[in-house]
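In this text the structure is predicted, and so the values were computed from the model without any measurement. FYI, side chains are in, hydrogens and waters are out, and symmetry mates aren't considered; it's all heavy atoms of this structure. Residue numbers begin at 1 in each chain, while the letters A, B, ... track the order of the sequences.
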Amino acid sequence: MEKMRLRFAPSPTGALHIGGVRTALYNYLLAKKHGGTFILRIEDTDQTRYVPGAEAYIKEALEWFGLLPDEGPGYGGAHGPYRQSERKERYQEYTAQLVESGHAYYAFDTSDELAAAREKDPNFKYDAGARRQMKNSLSLPEEEVKRLLSEGGGHVIRLKVPENETIVFQDKIRGQVAFDSNELDDKVLLKADGMPTYHLANVVDDRLMEVTHVIRGEEWLSSTAHHVLLYRAFGWEGQMPAFAHLPLILRPDGKGKLSKRDGARFGFPVFPLSWQGETEEDSFTGFREYGFLPEAAINFLALLGWNPGTEQEIFSLEELVEAFSVERINKSGTRFDIDKAKWFNQQYIIKADTDYLLEKVKPVIAAHGYEPGDDFLRGFIELMRERAVTLGEFWENGYFFFEEPRDYDPKMVRKRWDSGRKALFDELAGQLEGLDNFTADSIKARTEAFIQEKGLKFGEVLPMLRLGVAGTMQGPALFEMMELLGRAEVARRLRKAFHQFNELI
RNA sequence: GGCCCGUUCGUCUAGGGGUUAGGACGCAGGAUUUUCAUUCCUGAAACACGGGUUCGAUUCCCGUACGGGCUGCCA
């Protein structure tokens with residue numbers, strides 16, 4: 001079998017939405033599983049929607065996830081250029097060929113005329129019937145066509161959809177799909193500005209780039225019949241790629257496909273990386289900045305619409321490549337479930353290699369102005385990893401490793417603190433400070449002995465120590481936390497806390 | 001409206017003519033833990049509806065309902 005070639009073909013109109021990342025992932029997985037090629041192609045044919053920085057964003061996102069293109073702008077490859085804006089002449093040549101062979105025609109209708117037609121008939125469709133009424137090279141006298149063409153007043157080229165045909169194609173996910181050609185409109189192939197539309201460009205480029213499989217979102221299913229017609233018109237039907245239309249990723253509340261505004265609406269990311277648009281409305285927090293590990297996000301995305309048929313849930317990228325198959329992609333739309341995504345992230349944080357996590361956590365802590373040594377950070381990570389669902393929570397739930405507690409859980413203090421015992425607790429603090437070795441074991445031993453000597457109960461002492469050191473009842477193993485913080489810091493915090501406790505009750 | 005696609009616990013899903021319809025997230029309860037978290041155990045929770053086909057349909061077929069996509073000189 002020929003070598004598999006798959007492409008991810010986003011449009012650089014802004015930040016890459018998470019559904020696009022999943023499409024890229026599935027393309028990548030299929031390509032890699034069969035030793036094929038993963039291509040990145042930038043579909044920048046709409047000059048009015050071009051957004052500077054979007055292409056760089058797309059690349060950065062793919063790289064963050066580890067989905068490196070084998071070919072693409074900046075990645076090399078023998079089928080370039082990989083930006084459609086740089087292939088403009090080709091499309092013009094190919095449409096000319098189509099006009100020549102009678103599969104396409106010039107249309108001179110202005111936007112206003114088209115709008116008027118749609119106004120008059122809400123169901124207006126530029127089909128065989130309308131074709132005869134409108135201004136185009138099929139309805140106008142030859143002279144008139146020549147004149148309009150030479151005047152250069154602007155025209156488009158449309159596909160001439162044949163009448164009374166059933167267009168059938170096989171979708172790898174949905175099976176056989178059929179369309180009646182009479183339902184299809186004469187799609188614009190080449191716009192007045194000389195740029196191709198998606199329909200033309202994707203067909204021409206997929207052929208020229210020798211793409212063998214097209215995995216894309218379900219929103220393209222309806223126009224696939226047009227694409228099939230184009231392959232036929234070009235005489236490429238034998239080399240037509242296999243199609244697989246992915247189920248859409250739906251909003252959490254089940255109303256429509258997930259859109260970029262949903263991130264803000266629901267309070268979680270729907271983009272891989274943060275994006276700074278021109279307005280706040282157009283700016284988003286990404287999975288990366290939200291504190292996701294790329295491996296976890298990939299794992300989550302992979303299972304959104306695909307399953308391995310086993311009960312395994314945790315997959316590395318390599319394992320996904322191994323296990324993936326188009327046959328096991330689902331047909332129905334998939335709700336985006338942030339809780340499941342967070343669970344994956346938590347699992348990855350728990351299992352991650354400490355030094356790997358160190359590199360991820362370091363900037364989070366540094367962002368708050370602290371740059372402790374790696375050994376301290378490693379200890380911190382070990383104590384906190386089971387308590388952080390996102391990287392940000394290393395700070396949010398463990399900030400007291402770096403600075404004094406902001407406050408002491410007042411409810412707990414009132415419940416457990418006995419002001420008459422301040423001297424007793426100060427004595428304990430002194431004993432701990434005087435320990436030969438300030439290790440978790442010895443702190444524990446000394447504390448337990450103290451409790452026994454004074455006839456106290458664990459529940460009367462331990463919560464006060466925890467509160468004194470961390471300010472909260474939620475945190476890692478007390479004695480290990482104390483060891484990591486160190487003798488002086490612990491002694492200082494305890495004395496201060498015991499003093500404050502008296503004022504809190 | 002027209003065309004196309006879809007429909008198993010709240011969510012992601014497995015399964016498939018005869019099953020106690022399985023798992024995961026979330027939720028509830030419990031165990032472990034000096035706290036929290038982790039981990040473990042338990043529980044509640046689903047085949048959209050109506051017709052066929054069949055000895056038997058959640059599974060196959062047809063309708064209906066519901067959901068989604070497309071319907072641009074956007075992708």
Partners passing side chain to side chain donor-acceptor pair (under 3.5 Å) against A:Glu322 (at least two apart in sequence or in another chain): none

With no angle test and no hydrogens, is the base of B:C5 tied to the side chain of A:Arg174 by a donor-acceptor pair under 3.5 Å? no

Going by side chain to side chain donor-acceptor pair (under 3.5 Å), name the residues that satisfy it together with A:Lys187, two or more places apart in sequence or in a different chain. A:Asp185

Strictly below 4.0 Å, heavy-atom distances to any atom of RNA chain B: list the hits from residues 447-458 of chain A, or just say none. none

Near RNA chain B, counting only heavy atoms under 4.0 Å, which residues of residues 117-126 of chain A show up? A:Arg118, A:Asn123

Taking RNA chain B as the partner, which of residues 398-412 of chain A come within under 4.0 angstrom of it by heavy atom? none

Which salt bridge (Lys or Arg N to Asp or Glu O under 4.0 Å) pairs, counting each pair once, include a residue from residues 219-230 of chain A, with sequence neighbours left out? none

Quick one: list whatever passes side chain to side chain donor-acceptor pair (under 3.5 Å) with A:Glu43, sequence neighbours left out. A:Arg41, A:Gln84

N or O in side chain of A:Ser11 less than 4.0 angstrom from B:C74 OP1/OP2: no

Between A:Asp186 and A:Lys160, does any NZ, NE, NH1 or NH2 come within less than 4.0 Å of an OD or OE carboxylate oxygen? no

Would you say A:Arg466 places a side-chain N or O within less than 4.0 Å of OP1 or OP2 belonging to B:C36? no

So does A:Lys135 pair up with A:Glu113, basic N to acidic O under 4.0 Å? yes

What pairs with A:Trp275 under ring pair (Phe, Tyr, Trp, His ring centres under 6.0 Å), at least two apart in sequence or on another chain? A:Tyr57

Return the pairing partner of B:U35 with a 3.5 Å limit on both distances, Watson-Crick or G-U wobble; otherwise return none. none

Could you check which residues of residues 177-189 of chain A get a heavy atom under 4.0 Å from RNA chain B? Sort them by number, please. A:Val177, A:Ala178, A:Phe179, A:Glu183, A:Val188

Below 3.5 Å is the cut-off: list the nitrogen or oxygen pairs between protein and nucleotides 59-62 of chain B, distance only.
none

Centroid-to-centroid, A:Phe243 to A:Trp220, below 6.0 Å? no

Taking side chain to side chain donor-acceptor pair (under 3.5 Å) as the definition, give me every residue that meets it alongside A:Lys340, ordered by chain and number, with sequence neighbours left out. none

Could you write out each protein N or O paired with an N or O of nucleotides 9-15 of chain B at a distance under 3.5 Å?
{"unit_1": "B:C12", "atom_1": "OP1", "unit_2": "A:Arg335", "atom_2": "N", "d": "2.8"}
{"unit_1": "B:C12", "atom_1": "O2'", "unit_2": "A:Leu303", "atom_2": "O", "d": "3.3"}
{"unit_1": "B:U13", "atom_1": "OP1", "unit_2": "A:Gly305", "atom_2": "N", "d": "3.1"}
{"unit_1": "B:U13", "atom_1": "OP1", "unit_2": "A:Thr334", "atom_2": "OG1", "d": "3.1"}
{"unit_1": "B:U13", "atom_1": "O3'", "unit_2": "A:Asn307", "atom_2": "ND2", "d": "3.0"}
{"unit_1": "B:A14", "atom_1": "OP1", "unit_2": "A:Asn307", "atom_2": "ND2", "d": "2.5"}
{"unit_1": "B:A14", "atom_1": "OP2", "unit_2": "A:Asn330", "atom_2": "ND2", "d": "3.4"}
{"unit_1": "B:A14", "atom_1": "O3'", "unit_2": "A:Arg328", "atom_2": "NH2", "d": "3.3"}
{"unit_1": "B:G15", "atom_1": "OP1", "unit_2": "A:Arg328", "atom_2": "NH1", "d": "3.4"}
{"unit_1": "B:G15", "atom_1": "OP1", "unit_2": "A:Arg328", "atom_2": "NH2", "d": "3.1"}

State whether A:Glu480 and A:Lys444 are salt-bridged, where the test is any N-O pair (Lys NZ or Arg NE/NH1/NH2 against Asp/Glu carboxylate O) under 4.0 Å. no

Salt-bridge criterion met for A:Glu86 and A:Arg83 (N-O under 4.0 Å): yes

Could you report the tightest heavy-atom contact between A:Pro69 and A:Leu62, atom names first, then the distance? CG-CD1, 4.2 Å

Indicate, with a heavy-atom threshold strictly under 4.0 Å, whether A:Pro12 touches base, sugar-phosphate, or nothing. nothing

